[in-house]
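Residue numbers start from 1 in every chain, and the chains themselves are labelled A, B, ... in the order their sequence lines are given, proteins ahead of strands. Values below: every heavy atom of this structure, side chains too, minus hydrogens, waters and symmetry copies.
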Amino acid sequence: MSVRVRFAPSPTGFLHIGGLRTALYNYLFARHNEGTFVLRIEDTDQSRYVEDAEQDIIDSLEWAGIEIDEGPGKGGDFGPYRQSERKDIYHKYAEQLVESGHAYYAFDTVEEIDEMRERLMKSGNPSPKYDSITRQSMKNSLTLSQDEVKKRMDNGDEYVVRLKVPRKETIRFEDEIRGNVSFDTEGLDDQVLLKSDGMPTYHLANVVDDHTMEITHVIRGEEWLPSTPKHMLLYNSFGWEPPKMAHLPLIMSPSGGKLSKRKAESEGIPVNTKDYMAGNYEPDALVNFLAYLGWSPGDDSEIHDMKELCELFTLDRVSKGGAVFNYKKLMWYNENYIRQHSIDELKPRVEALFLGKGYEIPSDDFLTTVIELLQERVSKIDEFVSMGAFFFEAPKAYDENALKKWKDDSSRLILSYKTRIEALSEDDFKAATLKKKLEETIEEHGVGFGKLMMPLRIAISGQGFGPDLFPALELIGKEEVLGRIDSALERL
RNA sequence: GCCGCGUUCGUCUAGGGGUCCAGGACGCCGCCCUUUCACGGCGGUAGCACGGGUUCAAAUCCCGUACGCGGUACCA
């Protein structure tokens, strides 16, 4: 039987970075086993539905290089792939469960349930449940007469279908990552399967869909582990073979706890995939980083592209403990991938970035040189612009920190250097010559390299760091260089 | 509170009874390269949560404690 996995997000907002990792692991597992990767939209909570969320999920996956084999908009033999479009299916199965005695109708209002909880809480029960004990004193098809139930149904009264959780049983299952896991049914409540608005809850929908879509492996976040026994109960009640289960460790915030939006952002970590897209991160770097957040191939390797990750990925090498998001390591991956990319790969993207900022690109060769000069010192692609703007225009302001290097003798040295390069013909205005002239200047004045280097860098770029200065001077050209020196002399 | 899952350098991890006085990566520090900024190269720093067992031998197996995280909805 061929492997089929699914990524099943609910469209309640933008795709979270943790969700992206879950999708990635599912995808890697599918590809590794030559299986199928299904996208299923779990839109059963109408109150939390967000209009553009589904498109955001699809765009995010595409950006990351995760290809959907079946899903909404993509098609497949097991559709529809939106749960809201499968309502009647869940209805049918819920009925089946009631008929077989594994579930029942319940007519209690929200208020009545709250009341019950409050009452039990007062008498010392810290977490009251609608369970095998309490259901006996509630309004449901177990306590009401058949006639009464029929009357209420015919009358159109609102009702839910609840799972009839057995009183004392131990549910055991094997998790592909954690090994044997067991729960006692005593701690479980009679989970609502079908809500009063006619929609299924996650629990029913996910079991029915995973079965009917012939999902072989459920790979999802650890937050689902506690509800897995309910799912197992459902598979058993239906008489279905459950898929293999694998619960992934959570991604944690550096300060501890789940990487929530608020926490992450206060710690400088973008939390939605679209933030990474908008922030010009390298998708292959993010993928590589995410793959290693909770998994490792077991050797000392660190860099792998998607294709290699597909070959390497297995569930038994996923770790059990939560993994803290390490932003600096992400940036290390990002730099790495930028350095790996060829100039031709980088060019159209960098060009778009410059154009977007309103810069005109004199020639293709010019752009190529700018990229060559900068490639080894940017950590994110948009830094080509922030660090390379001076190739296109004179600095508007001088960096305050860099200015500390502008000393009393700086003007004199710069002036002396200027005189020398002024005498150069356009054809002689080359990196090697410019460097030679600088050497002559410092020799004459008996000072170190940096004494002239730093002020010159500041005059040209406005900053205390940046690309190799001499090729930069050559690219900028004699006239402009002299102009910038003059203006720095005036202003500093 | 209860239930469950987890715990190896600051962080991500390798390790599945002896070859581990624990290996790699990020970070940090130092040196080299560079008479500039970086890249790069080399080296260093730092860890088996604690307590009991089992065993000739435990980071590795068992039990307990602590701590962390998750769950405890007509949310997913």
**Message:** Please report the distance, rounded to the nearest Å, between NZ in Lys329(A) and P in C9(B).
**Reply:** 14 Å
**Fill in**
Here the distance between atom C1' of A38(B) and atom CG of Asn336(A), to the nearest Å, is 15 Å
**Request:** For Glu302(A) and A25(B), give me the distance from atom CD to atom P, rounded to whole Å.
**Result:** 7 Å
**Asked** For Arg317(A) and C12(B), what is the distance between atoms CZ and C1' respectively, to the nearest whole Å?
**Response** 14 Å
**Value in whole Å for how far the C1' atom of A59(B) lies from NZ of Lys320(A)** = 14 Å
**Request:** Could you tell me whether a side-chain N or O of Thr273(A) sits under 3.5 Å from a main-chain N or O of Leu15(A), the two making a donor and an acceptor?
**Result:** yes
**Request:** Round to the nearest Å and state the distance from Met454(A) atom CE to C37(B) atom C1'.
**Result:** 8 Å
**Prompt:** Hey, does Ser319(A) reach any base, or is it just sugar-phosphate, or nothing, if we go heavy atoms under 4.0 Å?
**Reply:** sugar-phosphate
**Prompt:** Does any N or O in the side chain of Thr12(A) come within less than 3.5 Å of the main-chain N or O of Tyr49(A), such that one atom is a donor and the other an acceptor?
**Reply:** no
**Message:** Donor-acceptor check, side chain of Asn288(A) to backbone of His304(A), threshold 3.5 angstrom: yes or no?
**Reply:** yes
**Asked** Side-chain donor-acceptor pair under 3.5 Å between Arg220(A) and Thr22(A), yes or no?
**Response** no
**Glu335(A) side chain near Val378(A) side chain, heavy-atom distance below 4.5 Å** = no
**Message:** With no hydrogens and no angle check, just 3.5 Å: does a side-chain donor-acceptor pair link Ser127(A) and Arg117(A)?
**Reply:** no
**Prompt:** Using atom P of each nucleotide, how far apart are G27(B) and C39(B) to the nearest Å?
**Reply:** 9 Å
**Prompt:** How does protein contact run along nucleotides 66-76 of chain B, one letter per nucleotide 5' to 3', with B for base contact, S for sugar-phosphate only, - for none, heavy atoms under 4.0 Å?
**Reply:** ---SSS-SBBB
**Prompt:** Rounding to a whole Å, what distance do you find between His304(A):NE2 and G24(B):P?
**Reply:** 17 Å
**Request:** Check the distance between A38(B)'s P and Gln375(A)'s CD and give it to me in whole angstrom.
**Result:** 18 Å
**Item:** In C39(B), glycosidic geometry as syn within 90° of 0 or anti otherwise
**Value:** syn
**Same-atom distance (P) from C2(B) to U65(B), integer angstrom** = 12 Å
